[in-house]
Amino acid sequence: MQNCGFGWQNNVLRATLAASAQVSGLPVTNLQNQQGAPSLGWRAPGTSAVLTLSGVSGAQWQAISLHRTNLSATATWRIRTGSINSWWAVDWHTDWSGPCNVANGQCVYILPSIATDERCEVTITDTANPDGFLSVPLAFAGPLFQPVRNFSTQSTAGSNLGQDTVTTLGGSEFVSGRWYQRKLSIVHDSLGDADAAVLDQALQAAATGQNILFVPDPDATTDVLAQKSLFGTLSGGDLSNPYGPADRHSLTLTLTERL
């Protein structure tokens, strides 16, 4: 088990994006907005597509994730990172493939170590997808910040429900569900000065509307990563000093899934 990770330096937002296929009106550049609606995302016809991110000098790649997708349970993906050589071909330094293990409409993979490369390529294959197309509204690709000490066991997980309920005169209830939004209360009660400074930068990025990725345990298997990770809006309370002059601070963060 590793300490939790925060992904706030998203290369997707600053890279040059290219796709092997896209639907007119739903281009791959839609991944650079922060909205999770399928009508504002990237859509590729068919059941296979390649996403390429390039053009970011000194880019670091560690966590790769797709969110709010329509991928099915049998979807697979391949992740490669590499750099252009003197013959203008790509030398791939990282090459991993496996099942997406989709849960909550998302899939997450953590590279064994941070790769510093010019580009990242993600190939998605979902031959059993009943829609006949791939829909990816949100994506993250970048490094994770991991505090020296982990979050507290006082942290909680919950949800916001979007539903309309009509109750008849006889007492029967009819529910129309519109959305289910996960949320986390992340309690850190032992942050050092250096950790608090980085989380302050993440909060400043989140204040601009940028989504933040939270991974409770980067060492978890891909199925657990998909179940437990959350990508959304981040806010924080006041930083306190419960231990007096000691280099340990307390901060509670609220992360709400982006819809």
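Computed from a predicted structure; not experimentally measured.
Counted by atom type alone, Asp193 and His249 present one or more donor-acceptor pairs between their side chains at under 3.5 Å. Side-chain contact annotation: Asp117 with Ser83, donor-acceptor N/O pair under 3.5 Å present. The closest side-chain donor-acceptor pair between Asn101 and Thr222 falls under 3.5 angstrom. Checked by atom type, the side-chain pair Asn3/Gln146 shows no donor-acceptor distance below 3.5 Å. Looking at Asp200 and Gln204, their side chains do bring a donor and an acceptor atom within 3.5 Å of each other.
Atoms CG and OG, on Leu251 and Ser152 in that order, are 12.0 Å from each other to the nearest 0.5 Å. Here Thr69 contributes atom OG1 and Asn129 contributes atom CG; the two are 8.5 Å apart, rounded to the nearest 0.5 Å.
Side-chain heavy atoms closer than 4.5 Å link hydrophobic residues (I, L, V, M, F, W, Y) into clusters, and following such links, even through other members, never connects Leu17 to Leu213.
Here the side chain of Gln210 pairs a donor or acceptor atom with the backbone of Trp8 at under 3.5 angstrom. Between the side chain of Ser229 and the main chain of Ala226, no donor-acceptor pair closer than 3.5 Å is present.
Closest approach of Phe133 to Pro45, counting heavy atoms only: CB-CA, 4.2 Å.
Proximity of the aromatic rings of Trp96 and Tyr109 is defined here by a centroid distance below 6.0 angstrom, and this criterion is met.
For the ring-ring contact (aromatic ring centres under 6.0 Å, His included) with His67, the lone residue among Phe214, Phe140, Phe231, Trp42 that qualifies is Phe231.
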| task | Any chance you could lay out the side-chain contact (heavy atoms from CB on, under 4.5 Å) test for Val122 and Val50, step after step, and finish with the verdict? | result | CA-CA 6 Å; Val122 180; Val50 181; over 6 Å; no
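Classification of Glu121 and Arg78 as a salt-bridged pair fails, no side-chain N sitting under 4.0 Å from a carboxylate O.
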